[in-house]
Asks: 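Once you've had a glance at the structure underneath, I'll fire off some questions.
So you know, we letter chains A, B, ... as the sequences are listed, proteins then strands, and number each from 1. All figures in this text were calculated on a predicted structure; none of them were measured in a lab.
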There are 2 protein chains.
Amino acid sequence: MSNPPLSRARIGDVARLAEVSTATVSRALSNPDMVKPGTRARIREAISTLGYVPDGAARALALGRARTVGAIVPTLDNAIFARAVQGLQTTLSNSGYQLLISAHEYNLSAETEVVRALLERSVDAILLVGQDHAAQTYELIRASQVALVIMWSHPSAELAAAGETPPSIGFDNRLIGQLAADHLLSLGHTRFGAVSGFTRHNDRARERIEGFRETLAQHGCTLPDACVIEQPFGFEGGRAGLQHLLKLRPSPTAIFCGNDVLALGCLFEAQALSIDVPGALSIVGCDNLPIASQIMPGLTTILLPTYELGERAARAVLHWLADGEPPPHERLPIELIVRGTTARPCEAALQPTLA
Amino acid sequence: MSNPPLSRARIGDVARLAEVSTATVSRALSNPDMVKPGTRARIREAISTLGYVPDGAARALALGRARTVGAIVPTLDNAIFARAVQGLQTTLSNSGYQLLISAHEYNLSAETEVVRALLERSVDAILLVGQDHAAQTYELIRASQVALVIMWSHPSAELAAAGETPPSIGFDNRLIGQLAADHLLSLGHTRFGAVSGFTRHNDRARERIEGFRETLAQHGCTLPDACVIEQPFGFEGGRAGLQHLLKLRPSPTAIFCGNDVLALGCLFEAQALSIDVPGALSIVGCDNLPIASQIMPGLTTILLPTYELGERAARAVLHWLADGEPPPHERLPIELIVRGTTARPCEAALQPTLA
DNA sequence: CTGAAAGCGCTTACAG
DNA sequence: CTGAAAGCGCTTACAG
C-alpha cells in the first residue's frame, strides 16, 4: 500500500507474508474449508495487502483448463449477434468463465485462422455460428479436443440421427421460411420475392429461403431464382434488393427478407418510392429487432430469441465441460409477429416511379 | 490422421516425430530463421501430421504475456459499443492479439469483479469505457501492473496535465453538448430540454449535458434541472423522456438526447403523438447510428466515429505493450450531421394531445 | 490441517 | 544451427 511494488505479487509473496506454504495459499483460494480459519484469515490479509491476483496462465497450465470459452461470430456489428454474445457473456461470467470473442466478417478461411488463434489461447470450448465451416476448421477443433457447440442452426434430421454433428443450439431455419410463406399466402399473395444475405457459406440464409420456397411450392406457387436477390446485410442491401425485385415483371407483392435489417432496408426504400406498406406491398422480416416494433407502420417479422440463444449455448458448454458429456441438440421456439394491417394488398397500387 | 490421438499433441510429440529437441520446435515456431530449412520442413511436417496447436497457457507463462487484451463495456446490446468492440477486435486480431470481452450493465461494482476476472486470465491490458470507475477497480489494475486505456472519454485538461489519468482515447463529450446547443440556438429555439442516460457513474452522459447547459447559458438561455430527464437507454426511455418533457409548461421546442437510441425513442413518440419533427419540435441525437439516416424525416445527430475509436484504442494498447511507453491521450473528431429541415419550428404547432 | 516436491507445456539463455 | 536444463507461477497427490 505504501510504495508501489517492483513487480506484481506472486503466490510466494503471499505465502511468505502469511507465514505459510504456497500450497496452503493455493488451498485457501480454491478449497477454503481445507484450511484452518485462522490461517485463512492471515492469508486473506496478506492477499489484500499485496493486491495479489493469481496468474491465470499458470493456473490454466496446472489445471489443464483455462475457464475461457471462445466464440466466433460473423460480425458484432449486427444487433442480432451482439445480443447473442451478450447472452453468452453474461451466462459464462456468472459461472466463472470468460469469453474470448472474434469475428470473421463472413470469410470462412479467416475463420480457420481465428479458430487457431483461439485454440492457441487454450480455450476450453469453441462456439461457432451455423454449420457451414471450412473442413480445416472442424479438423483443427477435433485435433485439439476442445468442446464445440454450434449456434443458430439446427442439424438436419439425418445428420443428427447419425450423430455426425456437433451439439447445436439453434433455430429451425427452414421453419422460418415456412412461417413467412404461410403468412404471406394467408394474405392472398400470389407473386413472391425474397431478399437474402449471401447463401454461400451460410446455411441459415440458405435454409430460410429453401423453407420459404418449399412452402410456396406446396401451395402451388413458385419462387423463381430471379425472385431471390442476395445482398450484403445492411439497410443498403435491403434497399437495393427491393429495387431489384421491383424491376421484375410482374413484380412481387410479397417479400420475405432473411433478416430485419434487410427488411427494414426494403421498407425504407418502399417509403422513399411512396409504395404503401403493407397496403401495396407486404414485407416479412426475421429477428424481431427492437426497432421493428417502433417504426411506422411496424414490421411483420419472425421473433428469434437471440439473447436466450446465447444463454442456452453457454449453458450447454458449461454442462459439457462439467459432465464431460456432450449436450443434446436444442431447438429454440420461434414466433411470427404480425404488425400493420393484414389486408390483402391492392396490387394495382404497386406502380412505383423508379428513380 | 489415422486413429484419433489419445490426447492433444504436445511440443514433445512434435519433437519426437521430427527427431529434434523441443527447443528446436519452439524456435521453428517463433523464430523460423534460427533453424535450418531442412529441419524446419521436418518440423512443419510433424506439426501438421499431429495437428499440433501450441498451448497458450504454457506459452503465456513462459513468456510473461498472454497476447490477450480484456475490454469491459457497459453492454454489447447497443450498436455503439458493439461497433467499437468490433474495431478493437479486428485491430487486435491483426496483430496476433485476442480480445476477452465483458459487460457490466452499468453496475460499477460488477465491473470491479469483471476486472478481477480478466486479471485472473492474465490479460496484458485492460480497456474500460469512461472515467467513472470504482476506486477498487483502479486499485486492482494498478496493483496488477497491466496497461489500462480508457475509451470514450477525454480527461479534463487539469487532470491530463497532472498526468493523473490513464491514457484516454475518446471524444470531447462536453463539445458534443455544445454542438447540439449551437445548432438548436441557431434554429432560434429558446426553450430546451434534454433526455439523458443516467448520469451517475457515467461521465460521458454528465459532460454532454454540462456542455449543453453551459453553451445555452453563454447565450442567455437556461436549462433547468426539471428539463433534463434521465432515462434508461432504449427506445422506451426516449419515449418516456419526451412524454415527461411535454408535460412541462412551457414545454421545450428543442431536445438534446444523450444518444441516438434515446433520440429515436423521442422521435417515435413524437410521431405517435402526431407532433411534427422537425417542424414543431427539433431533436438532436448523438452517435449517428446507421438507422439515423434511414428513418424519415431523418435524425440530426452528432457523428461519433466509434469503430475508429475501437481501432485507435487497440493501436494505443499495442504500442504500449510493444514500447513500454504509455500512449498519449487522443481525442477523435466529431461532427454535427444535420438532417431534416432546419427551419425555426412554429411553436404554436406544439400542442400535442397527450394520451 | 499443512508443507516439500513434482509437474503442467512452453521458452530461452547457455554451451557446444 | 541445435540440445540439455532451468524456469515461468500455479496445483495437488503424498506424507506427516
Asks: How long is the line joining CZ of Arg42(B) and C1' of dG3(D), in whole Å?
Replies: 14 Å

Asks: Are any of the side-chain heavy atoms of Leu128(A) and Trp152(A) separated by less than 4.5 Å?
Replies: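 Leu128(A) vs Trp152(A): side chains apart.
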
Asks: Closest approach to the side chain of Ser21(A), judged atom by atom: which nucleotide of dG3(D), dA4(C), dC8(C) is it?
Replies: dA4(C)

Asks: Starting the side chain at C-beta, find the nucleotide from dC1(D), dT2(C), dC10(C) nearest to Ala58(B).
Replies: dC10(C)

Asks: Can you tell me if Ser26(B) uses its side chain to pair, donor with acceptor, with the backbone of Thr22(B) under 3.5 Å?
Replies: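 It does not hold such a pair.
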
Asks: Could you tell me how far dT12(D) sits from dG16(D) if I compare only their C1' atoms? Round to whole Å.
Replies: 16 Å

Asks: Measuring from the side chain of Arg27(A) (C-beta onward, heavy atoms only), which nucleotide among dT11(C), dG3(D), dT12(D) has the closest atom?
Replies: dT12(D)

Asks: Check whether any side-chain nitrogen or oxygen of Tyr52(A) sits under 4.0 Å from OP1 or OP2 of dC10(D), and answer yes or no.
Replies: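 For dC10(D), OP1 or OP2 has a side-chain N or O of Tyr52(A) closer than 4.0 Å.
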
Asks: Round to the nearest Å and state the distance from Leu29(B) atom CG to dG9(C) atom P.
Replies: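 In whole Å, dG9(C) P lies 16 Å from Leu29(B) CG.
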
Asks: Without decimals, in angstroms, what is the distance between Met34(A) CE and dT11(D) P?
Replies: 12 Å

Asks: Step by step, work out the salt bridge (charged side-chain N to carboxylate O under 4.0 Å, His left out) result for Arg42(A) and Glu45(A).
Replies: CA-CA 5 Å; Arg42(A) 284 211 315 286; Glu45(A) 178 84 20; over 6 Å; no

Asks: dT11(C) C1' sits how many Å from Arg10(B) CZ, rounded?
Replies: 16 Å

Asks: I want to confirm an ordering. Mapping Val20(A) and Ala23(B) to their closest nucleotides on DNA chain C, which one lands closer to the 5' end?
Replies: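 Of the two residues, Val20(A) wins.
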
Asks: Which one, dC10(C), dT2(D), dC10(D), comes nearest to the side chain of Thr39(B)?
Replies: dT2(D)

Asks: Below 4.5 Å, heavy atoms only, C-beta onward: do Pro74(B) and Glu105(B) meet side chain to side chain?
Replies: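 Contact flag for Pro74(B)/Glu105(B) side chains = no.
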
Asks: With P as the reference atom in both, quote the distance from dC10(D) to dC14(D) in angstrom, rounded to an integer.
Replies: 24 Å

Asks: Give the stems involving DNA chain D, where a stem is 3 or more consecutive Watson-Crick or G-U wobble pairs (i with j, i+1 with j-1, and so on) under 3.5 Å.
Replies: C:1-3 with D:14-16, C:5-12 with D:5-12, C:14-16 with D:1-3

Asks: Could you work out the separation of dA6(C) and dT2(C) based on their P atoms and round it to a whole Å?
Replies: 23 Å

Asks: In the structure I gave you, are the side-chain heavy atoms of Val146(A) and Ile141(A) within less than 4.5 Å of one another anywhere?
Replies: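 In contact.
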
Asks: Given the P atoms of dA5(C) and dC1(C), what is the spacing between them in whole Å?
Replies: 24 Å

Asks: With a 6.0 Å cut-off (strictly less than), is the heavy-atom count around CD of Gln136(A), excluding the residue itself, greater than 12?
Replies: no

Asks: Considering heavy-atom distances to DNA chain D, does Thr24(B) or Pro54(A) have its closest nucleotide positioned more toward the 5' end?
Replies: Thr24(B)

Asks: Could you state the CG-P distance from Leu119(B) to dC10(D), rounded to the nearest angstrom?
Replies: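 Roughly 13 Å, once rounded to whole Å.
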
Asks: From dG9(D), dT11(D), dT11(C), pick the nucleotide closest to the side chain of Leu61(B)?
Replies: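 Nearest to the side-chain atoms of Leu61(B), counting from C-beta on, is dG9(D).
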
Asks: Glu19(B) has an atom CD; how far is it from atom P of dT2(D), in whole Å?
Replies: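 Computing the Glu19(B):CD to dT2(D):P distance gives 13 Å.
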
Asks: Apply salt bridge (charged side-chain N to carboxylate O under 4.0 Å, His left out) to the pair Arg10(B) and Asp13(B), showing each step before the final yes or no.
Replies: CA-CA 5 Å; Arg10(B) 303 301 172 199; Asp13(B) 302 321; 5.8 Å; no

Asks: Return yes if some donor-acceptor pair links the side-chain N/O of Arg67(B) with the main-chain N/O of Ser95(B) below 3.5 Å, else return no.
Replies: yes

Asks: Between dG9(C), dG9(D), dT2(D), which nucleotide gets closest to the side-chain atoms of Asp55(B)?
Replies: dG9(C)

Asks: Return the value, rounded to whole Å, for the distance between atom CG of Asp13(B) and atom P of dC8(C).
Replies: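 In whole Å, dC8(C) P lies 12 Å from Asp13(B) CG.
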
Asks: How close or far is atom C1' of dC8(D) from atom CZ of Arg65(B), stated in whole angstroms?
Replies: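 Rounded to whole Å, this separation is 13 Å.
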
Asks: To the side chain of Val35(B), which of dG9(D), dT2(D), dT11(C) is closest?
Replies: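 The answer is dT2(D), which lies nearest to the side chain.
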
